[in-house]
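Remarks on the structure that follows.
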Amino acid sequence: MKTILFFSIGCLCMLLTGCHQKDSVSQTDAEVVFDVGYYPYCVQWQDQYYYTMQVPSADSIIIYASDNLSQLASGTKRLVWHSKEMQHIWSPELHRVDNKWYLYFESDGGNTDNHQLYVLENDSEDPMKGEYRLKGAIKTNEEWNFGLHPTSIVVHGQQYLLWSGWQHRRSETETQCIYIARMKNPWTLDSERVLISQPELEWERQWINPNGDRSNYPIFVNENPEAFVSPDGNHVCVCYSASGIWTVYHSLGMLYARVDADLLLPSSWTKVQEPLFVPEDREKLYGTSNISVVTAPDGKQHIMLYEANRLLEDGWHRSVMMQSITWDKNGLPVFGKPVIE
């Protein structure tokens, strides 16, 4: 489950820094996109990159726009949603569906056990213009019991929603799983939720740090799914975060399925059995996950924005970085190793 640092939006703006654009981004080099940042998500539309992330105050949603990934922090930005009633507005994502813009996010009224998924709609072709209207909460199951990190993907013209949720209402132990459902429209599900991943491997179930620091109760984590189709069009890949983000064991996992498979069938999905993009020196860099994959302006290179988590003297420090990825002979992503500055 998420932990966040609290700053005012004004403080956030002072902390955000841009970087000089390089001609390309390599797997042996990395750029800091935001010095302070959580849960990055980026989408390309008409030669522009539109970026959202969780703001430290967790009460609003900001969209950043630039034609240069390195300069997102210094690009155009717009506050598109603010709420006095909602709390813990986390992990917003901007998606283009049926010629409209949709912002998926999660929130609650102050009790994170009641966390739910929400969506905003904007008719404007330009996501930096027009009005974002709340369509409402997305009911994910009859118990209506906790959802976070919504994301969406369209495959063969069919939209799907993915998110992290509980199998049952938490009592003493919390288990966050990855679910998928078919959508009737961008704000309504059209199928039962289907569990495609749960924290079952040892590296997915860590909640206690080596020094004994821990959450108040056991929390086993599969969360923050991010779905994309491989460049060859053969696979749907779903990357996710495993183990507690408050631990040094926070890791990147991945599921994949054939693009022509029934994505609502659990057996269609293969889970990679080992964590990916693991730092070689965990004394300097711990969590490297919560990713978003985009294409470089040349249309060939693929770049991953990701959250890098360091444990410094004054506590955890979370930055947004970018690094190039490649693809293996089967069309699956090769993330390499995170670069430690």
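Side chains are part of it too, since the values below use all heavy atoms of this structure and drop only hydrogens, waters and symmetry mates. Since this is a predicted model, take the numbers as computed values, not measurements.
- Contact of the Ser191 side chain with the Leu264 side chain is registered, since non-hydrogen atoms from C-beta on lie closer than 4.5 Å.
- For Glu202, the CD atom counts as loosely surrounded, since its 6.0 Å shell holds 12 or fewer non-hydrogen atoms of other residues, nucleotides or ligands.
- Trp81 places no side-chain N or O within 3.5 Å of a backbone atom of Ile62 that could act as its donor or acceptor partner.
- With respect to Ile291, the side-chain contact (heavy atoms from CB on, under 4.5 Å) criterion is satisfied by exactly one of Leu305, Asn224, Ile325, Leu252: Leu252.
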Check the pair Tyr240, His149 against ring-ring contact (aromatic ring centres under 6.0 Å, His included), reporting the backbone distance first and the verdict last. CA-CA 10 Å; Tyr240 63 94; His149 302 158; over 10 Å; no
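- Between His95 and Tyr41, the distance separating the two ring centers is shorter than 6.0 angstrom.
- Side chain of His88 to main chain of Asn111: no donor-acceptor pair is present (N/O by atom type, distance under 3.5 Å, no hydrogens or angles).
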Stepwise ring-ring contact (aromatic ring centres under 6.0 Å, His included) check, Tyr50 with Tyr64: CA-CA 6 Å; Tyr50 297 100; Tyr64 298 81; over 10 Å; no
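- For Ser289 (side chain) and Ser241 (main-chain N/O), no donor-acceptor pair under 3.5 Å exists by modelled atom type.
- Cation-pi check for Arg193 over Tyr179 is met; the charged atom lies under 6.0 angstrom from the ring centroid and within 45 degrees of its normal.
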Using distance only, find each side-chain donor-acceptor pair of residues 207-214 under 3.5 Å and give its atom names and separation, not counting sequence neighbours.
{"residue": "Asn209", "atom": "OD1", "partner": "Val248", "partner atom": "N", "Å": "2.9"}
{"residue": "Asn209", "atom": "ND2", "partner": "Trp246", "partner atom": "O", "Å": "2.9"}
{"residue": "Asn211", "atom": "OD1", "partner": "Asp213", "partner atom": "N", "Å": "2.9"}
{"residue": "Asn211", "atom": "ND2", "partner": "Asp213", "partner atom": "OD2", "Å": "3.1"}
{"residue": "Arg214", "atom": "NE", "partner": "Gly212", "partner atom": "O", "Å": "3.4"}

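- In summary, the side chains of Ser91 and Glu106 do present a donor paired with an acceptor at a separation below 3.5 Å, with no hydrogens or angles considered.
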Step by step, work out the side-chain hydrogen bond (donor to acceptor under 3.5 Å, both in side chains) result for Ser197 and Asn222. CA-CA 7 Å; Ser197 181; Asn222 276 188; 2.7 Å; yes
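- Taking hydrophobic clusters as Ile, Leu, Val, Met, Phe, Trp and Tyr residues chained together by side-chain heavy-atom distances below 4.5 Å, Val238 shares a cluster with Leu201.
- In this structure, Arg205 forms a cation-pi arrangement with Phe220, its terminal cationic atom sitting closer than 6.0 Å to the ring centre and no more than 45° off the ring axis.
- Looking only at side-chain heavy atoms (C-beta outward), Asp123 and Lys129 stay at 4.5 Å or farther from each other.
- The six-membered or imidazole ring of Trp90 lies near that of His115, with a centre-to-centre distance under 6.0 Å.
- Within the 4.5 Å cutoff, the side chain of Tyr256 has no heavy atoms near those of the Lys271 side chain.
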Starting from the C-alpha separation in whole Å, work towards a yes-or-no answer on side-chain hydrogen bond (donor to acceptor under 3.5 Å, both in side chains) for Glu93 and Tyr104. CA-CA 5 Å; Glu93 291 194 3; Tyr104 294 93; over 6 Å; no
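- When only modelled atom types and interatomic distance are considered, Asp232 and Ser230 share a side-chain donor-acceptor pair under 3.5 Å.
- Distance alone, capped at 3.5 Å, places no donor-acceptor pair between the Thr188 side chain and the Asn185 backbone.
- When atom types are taken as modelled, the side chain of Gln176 and the backbone of Ser164 share no donor-acceptor pair closer than 3.5 angstrom.
- A heavy-atom distance below 4.5 Å is not found between the side chains of Val272 and Leu255.
- With hydrogens and angles disregarded, no donor-acceptor distance shorter than 3.5 Å links the side chain of Ser57 to the backbone of Val55.
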One pair to check against side-chain hydrogen bond (donor to acceptor under 3.5 Å, both in side chains): Glu125 and Gln46. What are the steps and the verdict? CA-CA 10 Å; Glu125 184 173 348; Gln46 297 183 345; 2.9 Å; yes
Apply side-chain contact (heavy atoms from CB on, under 4.5 Å) to the pair Tyr160 and Leu189, showing each step before the final yes or no. CA-CA 8 Å; Tyr160 297 88; Leu189 300 189; over 6 Å; no
How far apart are the C-alpha atoms of Thr247 and Gln206, what are their side-chain angles, what is the distance that settles it, and do they pass the side-chain hydrogen bond (donor to acceptor under 3.5 Å, both in side chains) test? CA-CA 7 Å; Thr247 73; Gln206 302 303 309; over 6 Å; no
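- Counting all heavy atoms, side chain and backbone alike, Phe228 lies closest to Val293 at CE2-CG2, 3.9 Å.
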Could you walk me through whether Asn290 and Tyr38 pass the side-chain contact (heavy atoms from CB on, under 4.5 Å) check? CA-CA 8 Å; Asn290 303 326; Tyr38 323 94; over 6 Å; no
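- Tyr39 and Gln54 form no side-chain donor-acceptor contact under 3.5 Å, judged by distance and modelled atom types alone.
- Taking 4.5 Å as the limit, some side-chain heavy atom of Val97 sits within range of a side-chain heavy atom of Gln159.
- Although no hydrogens or angles enter the test, the distance criterion places a donor-acceptor pair under 3.5 Å between the side chain of Ser268 and the main chain of Asp262.
- Put simply, the side chain of His235 reaches to within 4.5 Å of the side chain of Arg258, judged on heavy atoms.
- In summary, Arg182 and Glu192 do not engage in a salt bridge, as defined by a charged side-chain N under 4.0 Å from a carboxylate O.
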Chi angles and distances behind the side-chain contact (heavy atoms from CB on, under 4.5 Å) call for Tyr51, Val33: CA-CA 11 Å; Tyr51 173 88; Val33 184; 5.6 Å; no
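- Side chains of Pro127 and Tyr132 form a contact here, defined as non-hydrogen atoms less than 4.5 Å apart.
- Expressed to the nearest 0.5 Å, how far OG1 of Thr175 lies from CD of Glu204 amounts to 11.5 Å.
- Under the side-chain contact (heavy atoms from CB on, under 4.5 Å) test applied with Pro150, the options Ile138, Leu117, Leu162, Leu103 reduce to a single match, Leu117.
- With Gln48 contributing its side chain and Gln44 its backbone, the two residues share no donor-acceptor pair below 3.5 Å.
- Within 6.0 Å of the CG atom in Asp47, the count of heavy atoms belonging to other residues, nucleotides or ligands does not exceed 12.
- Side chain of Glu174 to main chain of Trp166: no donor-acceptor pair is present (N/O by atom type, distance under 3.5 Å, no hydrogens or angles).
- Using a 4.0 Å cut-off between charged side-chain N and carboxylate O, Asp59 and Lys84 make no salt bridge.
- Between the side chain of Gln323 and the backbone N or O of Lys337, at least one donor-acceptor pair lies under 3.5 Å.
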Before giving the answer on side-chain contact (heavy atoms from CB on, under 4.5 Å), spell out for Ile63 and Leu94 the whole-Å C-alpha distance, their side-chain angles and the decisive distance to 0.1 Å. CA-CA 8 Å; Ile63 299 177; Leu94 182 66; 4.1 Å; yes
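- Within the 4.5 Å cutoff, the side chain of Pro225 has heavy atoms near those of the Thr151 side chain.
- Using cut-offs of 30° and 60° for the angle between ring planes, the Phe105 and Tyr118 rings count as parallel.
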